[in-house]
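First comes the structure, then the notes that go with it.
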Amino acid sequence: MLRALVQERLRESLQSLGLGEITPEVTVPDKPEFGDFSSNLAFVLKPRMPGTPPRQIAEKIVARLDKSPFAKVEVVGPGFINFFLQPETVQHALREILNQEYHYGRLEMGQGQRALVEFVSANPTGPLTIGHCRQAVLGDVICRLLENAGYDVTREYYYNDAGRQMKLLGESVRARYLELLGQPVPFPDEGYHGEYIREIAREIQKRHGSNWAEASVEPFKEFAEAELFSEIKRTLSRLFRLPPERVFDIYYNETWLYAHDTQNALASVTNAQVLEWLRELGFAYEKDGAIWFKATALGRPQDRVLVRSHTGEPTYRLPDMAYHANKLLRGFDLIVDIFGADHQDTYQDVLAAVRALWEGGKLPKECNPHKIRVLIHQWVNLLRGGQPVKMSKRMATFVTIDELIDEIKSTVELDPALDTEQTREDFSVNVVRYFLLMRSADSHVNFDLDLAKKQSKDNPVYYVMYAYTRIRSIFDKSKGSVGAVGFQALRLPEELALIKKLDEFPQIVRDATEHLAPHFLAVYVHELAGIFHDFYEKHRVLDEANPEVTQARLALCYGVQIVLERAFALLGLKAPERM
RNA sequence: GCGCCCGUAGCUCAGUUGGACAGAGCAGCGGUUUCCUAAACCGCAGGUCGUGCGUUCGAGUCGCACCGGGCGCACCA
């Protein structure tokens, strides 16, 4: 990496000045006049060299510097050090990339450690909607990033089929079923009105005729749950481009936490156990017949009920605490929770409780809650005709992920030779994923359906994909392969800019992984595509009159192809060969 | 009222360990095609980075206050 090289030269210089222990900060400046890299080292060093103006400090550092990789090193302004690389230095970076090929951008930070990523976790009361879509895609990419970094990743989905909502689901299906049999009963007050409920009822009628007329709610609930879960897996299978049986590794059922089961290693700690521990540590108490969590003692704004007074049932908070205790006990090195903005307050109670258990010695030392990282994402606003679409799951005024993909798919147009059902599916999934990935999880996303459906350049996905197809097209025409060539021919600004951008890739992947921020990568890919388009427009790759340049530029294109394919794989995008 | 997130160009958004005159896409205006796909490229225009204090050599970035928007604040999940 070029930046590491600059840092290394600086470090050597510092050592000779007796300041070797500092890791110099090196950035890529915005303006080309400021060079390829820049360091503010002189300012950082200022407190350690009182009385010396930063400019002089910078000059001292530069005087001791090994300048062989650079065409020029300047001290400018109040004390910035700007580095201008030799073309040969940049060319060498391309060599490195081609050597590493599809290993380029792999990270070592995971080192075979185990990571658990929990996401989506919707109770199966209906199809997945756009509300779940962002979380699903974020989680999927974070899993891919962690795998790339060497983690052994477990994808987990937490759900509950025992609560009130699931009972309502069963009652809703039962009501629709009896309606079909001509024995209508009142529809449950807060039941689910979606058409999918009728479909499930029809399916029951198809398989069981009128045999379920006297049945209780329970079988209806179970039938609906099974149907909906397989539907959910099918949807995620489209979105993740994984077979349905592989979209998640573990479906963790909240009910496992209610009764101790020695057979179940995933739930070695129950709700009751956690409650007892909290009591022993003084973080649980009784009031008004309920059991409360003394969250205020842990710096939280208010105490919360853990066990209800009337029914004796736990609220969702207690099993959540038990669930997280179990996550820690299962021996993961990294635990990632992905939640929507509605959880931003509540997860902190759960973490506070788990921390208290650990600090109180109830959980083994290796179960340090620092291993848990929570990623909160803001909501997606679906816009249709410029207006936000109001959605309610219960009233069935929602747009499902499948509907979203299908709607976009109906407008996709690709090169006729490649315009198949599969490529259209691939492309519409690209659009959905990219729209949701290109923004920071912290910011709200306006998903403009009209825009996503437009098969035009408004759509950044096309821009990125088009760069890839241009490269493929060059290689189709070139007939030759990329051989062992010299890169001395690559010295034009657009060529060097492209290599320098390729050189940034591993650091971008590292940043995205460390910050659990896929949008770093999504933004990078867009920038890389832009630099490639610029190069492509200005310089012809294939030139029979000049085989040396052709070979060097083909190698450059291959480097871009490698990085694009690596980035696409991490983002779960699938580029077409032609558009 | 309390907590978390956001407020950057007409629109949608980057800018994540504070760094040099603030970026991209789209929309607007003007150009580019005997040549690897013009779903592209080039140029122009567009901003008191919500407001005000503060921290410092330096603040879109950190702190405080205020204004505006989103989401929470259940013995629902």
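Throughout, a chain's letter reflects where its sequence line sits, starting with A, and its residues are numbered from 1.
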Quiz prompt | Ring-face cation contact, A:Phe84 with A:Lys72, 6.0 Å cut, 45° max | solution = yes
Quiz item: Which residue, A:Lys287 or A:Val76, contacts RNA chain B at a nucleotide closer to its 5' end, judged by nearest heavy atom?
Solution: A:Val76
Quiz item: Hey, does A:His444 reach any base, or is it just sugar-phosphate, or nothing, if we go heavy atoms under 4.0 Å?
Solution: base
Quiz prompt | Basic-acidic side-chain contact under 4.0 Å: A:Asp337, A:Lys327 | solution = yes
Quiz item: Taking atom C1' in both B:rC11 and B:rA27, what distance in whole Å separates the two?
Solution: 7 Å
Practice problem: Nearest whole angstrom, please: distance from the P of B:rA77 to the OH of A:Tyr258. | Solution: 7 Å
Self-check item: d(CG, A:Asp303; P, B:rA74) in whole Å
Solution: 13 Å
Quiz prompt | Stacked pair A:Tyr463-B:rA40, distance under 5.5 Å, angle under 30° | solution = no
Quiz item: How close or far is atom P of B:rA74 from atom CG of A:Asp342, stated in whole angstroms?
Solution: 14 Å
Quiz item: Which of these nucleotides, B:rA24, B:rC73, B:rC13, is closest to any side-chain atom of A:Asn446?
Solution: B:rC13
Practice problem: Under 4.0 Å between any heavy atoms, over every strand shown, what does A:His539 touch: base, sugar-phosphate, or nothing? Just pick one. | Solution: base
Quiz item: At under 4.0 Å between heavy atoms, what does A:Val307 touch on the DNA or RNA strands: base, sugar-phosphate, or nothing?
Solution: nothing
Practice problem: Tell me which nucleotide among B:rC75, B:rC36, B:rA20 gets nearest to the side chain of A:Leu542. | Solution: B:rC36
Quiz item: Reckon A:Ser38 touches a base, only the sugar-phosphate, or nothing at all at heavy-atom distances under 4.0 Å?
Solution: base
Quiz item: Given the C1' atoms of B:rU51 and B:rG7, what is the spacing between them in whole Å?
Solution: 11 Å
Exercise. Give the nucleotide from the list B:rA38, B:rA20, B:rA40 with an atom nearest to the side chain of A:Tyr536.
Key: B:rA38
Quiz item: Are any of A:Tyr466's side-chain N or O atoms less than 4.0 Å away from OP1 or OP2 of B:rA39?
Solution: yes
Quiz item: Which part of the nucleic acid does A:Asn40 contact within heavy-atom distance under 4.0 Å: base, sugar-phosphate only, or nothing?
Solution: base
Quiz item: So, A:Glu190 and A:Arg164, do they make that salt bridge, N to O below 4.0 Å?
Solution: yes
Quiz item: Under 4.0 angstrom, heavy atoms only, what part of the nucleic acid is A:Glu313 near: base, sugar-phosphate, or nothing?
Solution: nothing
Quiz item: Taking CZ from A:Arg134 and P from B:rC71, how many angstroms apart are they, rounded to a whole number?
Solution: 14 Å
Quiz item: Is the aromatic ring centre of A:Phe34 closer than 5.5 Å to the centre of the six-membered base ring of B:rA20, with the two planes inclined by less than 30°?
Solution: yes
Quiz item: Looking for any heavy atom pair under 4.0 Å, which part of the strands does A:Arg164 touch: base, sugar-phosphate only, or nothing?
Solution: nothing
Quiz prompt | Any-strand Watson-Crick or G-U partner of B:rG23, both distances under 3.5 Å | solution = B:rC13
Quiz item: Which part of the nucleic acid does A:Glu527 contact within heavy-atom distance under 4.0 Å: base, sugar-phosphate only, or nothing?
Solution: nothing
Practice problem: Assess whether one donor atom and one acceptor atom, taken from the side chain of A:Gln344 and the base of B:rC4, lie less than 3.5 Å apart. | Solution: yes
Exercise. Hey, can you tell me if A:Tyr251 and A:Tyr159 have their rings parallel, tilted or perpendicular (30° and 60° cut-offs)?
Key: perpendicular
Quiz item: Picking from B:rU16, B:rC73, B:rG70, which would you name as closest to the side chain of A:Trp379?
Solution: B:rG70
Quiz item: Between B:rG50 and B:rA22, how far is it from one P atom to the other, in whole Å?
Solution: 15 Å
Exercise. Both distances under 3.5 Å, Watson-Crick or G-U wobble: report the partner of B:rG63, or none.
Key: B:rC53
Quiz item: Does a nitrogen or oxygen in the side chain of A:His519 sit under 4.0 Å from OP1 or OP2 of B:rG15?
Solution: yes
Quiz prompt | B:rC4 and B:rG63, which share atom name P, separated by this distance in whole Å | solution = 11 Å
Quiz item: Is the shortest side-chain N to carboxylate O distance from A:Arg304 to A:Asp349 below 4.0 Å?
Solution: yes
Exercise. Send over the distance from A:Asp511 CG to B:rG15 P, rounded to a whole Å.
Key: 11 Å
Quiz item: Taking a pair as Watson-Crick or G-U wobble with both distances under 3.5 Å, which nucleotide is matched to B:rC2?
Solution: B:rG72
Self-check item: Nearest-angstrom distance from the residue atom NE2 of A:His343 to P of B:rG72
Solution: 11 Å
Quiz item: Closest approach of A:Asn271 and A:Ala322, non-hydrogen atoms and distance?
Solution: OD1-CB, 3.4 Å
Self-check item: Rounded P spacing from B:rC57 to B:rG70 in Å
Solution: 41 Å
Self-check item: Inter-nucleotide C1' distance (B:rA39, B:rC26), Å rounded
Solution: 14 Å
Quiz item: How do A:Arg304 and A:Phe520 order along RNA chain B: which one's closest nucleotide is nearer the 5' end?
Solution: A:Phe520
Quiz item: Touch check for A:Ser309, heavy atoms < 4.0 angstrom, all strands: base, sugar-phosphate only, or nothing?
Solution: base
Quiz prompt | Candidate nucleotides B:rC73, B:rC75, B:rC36, ranked by approach to the side chain of A:Gln302 - the nearest | solution = B:rC73
Quiz item: Which of these nucleotides, B:rU16, B:rC75, B:rC36, is closest to any side-chain atom of A:Val305?
Solution: B:rC75
Quiz item: Looking at B:rC73, B:rC41, B:rU16, which one has an atom nearest to any side-chain atom of A:Asp345?
Solution: B:rC73
Quiz item: From B:rA14, B:rC71, B:rA39, pick the nucleotide closest to the side chain of A:Val523?
Solution: B:rA14
Quiz item: Is the centre of the A:Tyr157 ring less than 6.0 Å from the centre of the A:Phe229 ring?
Solution: yes
Quiz item: When the distance from CG of A:Asp161 to P of B:rA77 is rounded to whole Å, what number comes out?
Solution: 14 Å
Quiz item: Under 4.0 angstrom, heavy atoms only, what part of the nucleic acid is A:Asp288 near: base, sugar-phosphate, or nothing?
Solution: base
Quiz item: When we call it a touch if two heavy atoms are under 4.0 Å apart, what does A:Val541 touch: a base, just sugar-phosphate, or nothing?
Solution: base
Self-check item: Assigned partner base of B:rG28, Watson-Crick or wobble definition, under 3.5 Å
Solution: B:rC44
Quiz item: If you check every side-chain atom of A:Ser440, which of B:rG70, B:rA77, B:rA14 has the closest atom?
Solution: B:rA14
Self-check item: Side-chain N,O (A:Ser443) to OP1/OP2 (B:rA14) below 4.0 Å
Solution: yes
Quiz item: Considering only the C1' atoms, how many Å lie between B:rG47 and B:rU8, rounded to the nearest integer?
Solution: 8 Å
Practice problem: Looking at every strand, decide which applies to A:Arg300 at a 4.0 Å heavy-atom threshold: base, sugar-phosphate, or nothing. | Solution: nothing
Exercise. Quote, to the nearest angstrom, the C1' distance that separates B:rA9 from B:rG23.
Key: 10 Å
Exercise. Look at A:Glu225 together with A:Lys167 and state whether they make a salt bridge at an N to O cut-off of under 4.0 Å.
Key: no
Exercise. Using a heavy-atom cut-off of under 4.0 Å over every strand shown, decide if A:Asn82 touches base, sugar-phosphate, or nothing.
Key: base
Practice problem: Determine the contact category for A:Thr27: base if any of its heavy atoms lies under 4.0 Å from a base atom, sugar-phosphate if only primed atoms, P, OP1 or OP2 are that close, otherwise nothing. | Solution: nothing
Quiz item: Within this structure, what is the OH-to-C1' distance between A:Tyr316 and B:rG72, rounded to whole angstrom?
Solution: 9 Å
Quiz item: Is the shortest side-chain N/O distance from A:Arg317 to OP1 or OP2 of B:rC75 below 4.0 Å?
Solution: no
Quiz item: Under a 4.0 Å N-O cut-off, is there an ion pair linking A:Glu286 with A:Arg279?
Solution: yes
Quiz item: OH/A:Tyr158 to CG/A:Asn123 distance, rounded to the nearest 0.5 angstrom?
Solution: 9.0 Å
